[in-house]
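Presented below is the structure to which this report refers.
Naming convention: chains lettered A, B, ... in sequence-line order (proteins, then strands); numbering from 1 in each chain.
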There are 2 protein chains.
Amino acid sequence: MTTAKSDTISTRISKTLADRIISGAIEAGSRLRQDHVAEEFGASHVPVREAFRLLESQGLVVSEPRRGVRVAGFTREEVREVAEMRASLEALALRNAFPHMTKAILDTAEEANRAGDRAPDVYAWEEANRNFHRIILAPCGMPRLLKAIDDLQTASARFLFSGWRAEWEAPTDRDHRAILDALRTGQADMAAAVLARHVQTIGQKRPK
Amino acid sequence: MTTAKSDTISTRISKTLADRIISGAIEAGSRLRQDHVAEEFGASHVPVREAFRLLESQGLVVSEPRRGVRVAGFTREEVREVAEMRASLEALALRNAFPHMTKAILDTAEEANRAGDRAPDVYAWEEANRNFHRIILAPCGMPRLLKAIDDLQTASARFLFSGWRAEWEAPTDRDHRAILDALRTGQADMAAAVLARHVQTIGQKRPK
DNA sequence: ATTACTAAAATTATCTATAATTTCGCAGAA
DNA sequence: TTCTGCGAAATTATAGATAATTTTAGTAAT
C-alpha cells in the first residue's frame, strides 16, 4: 500500500499503477498511453516506458510491439493458473522454510493472522493475509522463489478485489491456524499440503 | 539461438545479451554499461535500458537503482533454487498437459529426444533437451506457467554451459524415455514424479 | 447500408542533449 | 603504511525533440 521510498521515478510510477490495477481502479483491457501517464506524473515518457516493463514482468499488463500496453485481463482460466502456480510454489517454499522455523516466527505469523481477523475491509484483510504467507515462507531463504510467489500473490489480490468474491470468508483463517499447528508439531509435509489446498481454494470461489 | 525477427531494438539487444550471458561469453558479476552496449549496437541507450529490464525480469542480470546492472551470479544455492522451482512447476505443467496429450505429441517428443542423442556438442544437446521439455509441457495451455518455466530453463542452461558439469551424461535421456513410457501407459503421476526428480538432478552434478 | 480507401491525428519508439549521481584516483594526515 | 576527504571522470537517469507506425475519421464507390 505505502509505496515506501523508491528512488527512481520508474519504480514510483510502476507502484502507483500497480496499486490501481490491483484495486480495480483501472479495469482490465484498458490501454495505458505513455504520454498521458507521463503528463499525470509530471515526467517524460522514458521512465513511463520502463515502468510498463516492470508491470509487464509482474503480469499486470501485456505489451504488443508497436501497439502499446494494456491492462492484463484475467479469465477464469488465468485465475486458476495463478492459483495452481501459487499452490505449487508456496508448498515448495514452506518445505524449505521448515528447517529454519523458530517459535518467534510462528508467533509473528499468528499475530498477522489475528490482524486479519480484526480487518475492517477487504484491503486490510488482504494485507494481513499476504503478511501471514510472507512470514512463514521467508525463512526458506530462496529470493527468486519468494519474488515469484510475491508476483503471484499480487495477481491473486487483483482477483480478490475484483468483486468475483463477494465476501472474504472465515475458512481461510481456519486454514492458517491448521498450518501453524502443523508447523508447531513438526509436520512439515502436512503443513505444505494444507497450504497448497488453501491457496487453491482462492481460485475456486464465485465463478462470476 | 537464432534470435528470429524481433521488431523492436530493445528485444534484439536483449536476446543477443541473453545469449552471451547464457553461453558464458560475459561472465557472472561483470557490469554492463549502457553507453558501451548502445555504441556496440549502434543505438542510443534508451532501448538498452529497456533491454536491461527485460533481462532483469528473466533473472539474468540484477539492477541496483543508480548503480547500473551486472550479470547475475549463480551460487550453488541459486542453482539448487532454480532446479527445485523447475521441478515443482514442470511437474505441475505435466499433470495439466496430460489430459491433452496425443500420440502425435509424444512422437514429436521422442524425435526431439533422438536429436539429443545425435547432438555433437553441449549447445545442440541443450536445444534438443529444451525442445523435449517444451513439447510435453506445452499442451497444458497455461501461458504464464510456461513462461516461468522457460525463464528457469534459461537459468539452468546457463549453469550447464558454465563448465560446472564436465560432460552431459546419458542418464538424462533414460529419464526422458521413462517419462514418455509413463505418459504412453497413462501414468500421469508417475510421469510427473520422474520429471521432477529428473530436473532436480541437474542442480546436483559437479559441485564445482 | 456497407465496404474500401485515403489523409489526418494520435501514439509508439528512438535519438540527442542535459542533469544528477556514483566511482575512482590521488593527495594529505594519522 | 593505511585511512580519509576532495575533485575529476565516468555512468546512470531523465528531459525534450524527431521519426516511424498505428489508429481514427471521413469520403467515395459498390
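- Residue pairs meeting the ring pair (Phe, Tyr, Trp, His ring centres under 6.0 Å) criterion with at least one partner in residues 129-151 of chain A, sequence neighbours excluded, are A/Phe132-A/His176, A/His133-A/His176, A/His133-A/His198.
- Going from atom CD of A/Gln34 over to atom P of D/dG16 covers 15 Å, rounded to whole Å.
- We find that CD1 of A/Ile9 is positioned 10 Å from C1' of D/dA15, with the value rounded to whole Å.
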Could you list the donor-acceptor pairs under 3.5 angstrom formed between side-chain atoms of residues 24-36 of chain A and any protein atom two or more places apart in sequence or on another chain?
from: A/Ser30; atom 1: OG; to: A/Glu27; atom 2: O; distance (Å): 2.7

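- In terms of the ring-ring contact (aromatic ring centres under 6.0 Å, His included) criterion, A/Phe52 has no residue partners (sequence neighbours excluded).
- Look at CD on A/Glu39: it is 17 Å from C1' on D/dT14, rounded to the nearest Å.
- Take B/Ala157 and apply the side chain to side chain contact (heavy atoms under 4.5 Å, CB included) test, not counting sequence neighbours, and it matches B/Ile22, B/Glu126, B/Arg130, B/Phe161.
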Derivation of the salt bridge (charged side-chain N to carboxylate O under 4.0 Å, His left out) call for A/Asp117 and A/Arg177: CA-CA 12 Å; A/Asp117 291 341; A/Arg177 280 186 222 297; 2.8 Å; yes
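- Side-chain N/O atoms of A/Ser10 include one lying less than 4.0 angstrom from OP1 or OP2 on D/dT14.
- A sub-4.0 Å separation between OP1 or OP2 of C/dT11 and a side-chain N or O of A/His36 is present.
- Applying the side-chain hydrogen bond (donor to acceptor under 3.5 Å, both in side chains) rule to B/Glu50 yields the partners A/Arg49, A/Arg53; only residues at least two apart in sequence or on another chain are considered.
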Quick one: side chains of residues 134-144 of chain B, donor-acceptor pairs under 3.5 Å with protein atoms, not counting sequence neighbours, listed by atom name and distance.
from: B/Arg134; atom 1: NH1; to: B/Asp150; atom 2: OD1; distance (Å): 2.6
from: B/Arg134; atom 1: NH1; to: B/Asp150; atom 2: OD2; distance (Å): 3.4
from: B/Arg144; atom 1: NH2; to: A/Gln58; atom 2: O; distance (Å): 3.1

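- At a non-hydrogen distance threshold of 4.0 Å, A/His45, A/Arg49 from residues 44-64 of chain A come into contact with DNA chain C.
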Could you list all N or O pairs between the protein and nucleotides 20-24 of chain D that sit under 3.5 Å apart?
from: D/dT23; atom 1: OP1; to: A/Arg67; atom 2: NE; distance (Å): 2.9
from: D/dT23; atom 1: OP1; to: A/Arg67; atom 2: NH2; distance (Å): 2.7
from: D/dT23; atom 1: OP2; to: A/Arg67; atom 2: NH2; distance (Å): 2.7

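- Looking at residues two or more places apart in sequence or on another chain, you find a salt bridge (charged side-chain N to carboxylate O under 4.0 Å, His left out) between A/Glu110 and A/Arg114, A/Arg184.
- The nearest whole Å value for the distance from the CG atom in B/Asp35 to the C1' atom in C/dC15 is 13 Å.
- The phosphate of D/dT14 (OP1 or OP2) has a side-chain N or O of A/Thr8 nearer than 4.0 angstrom.
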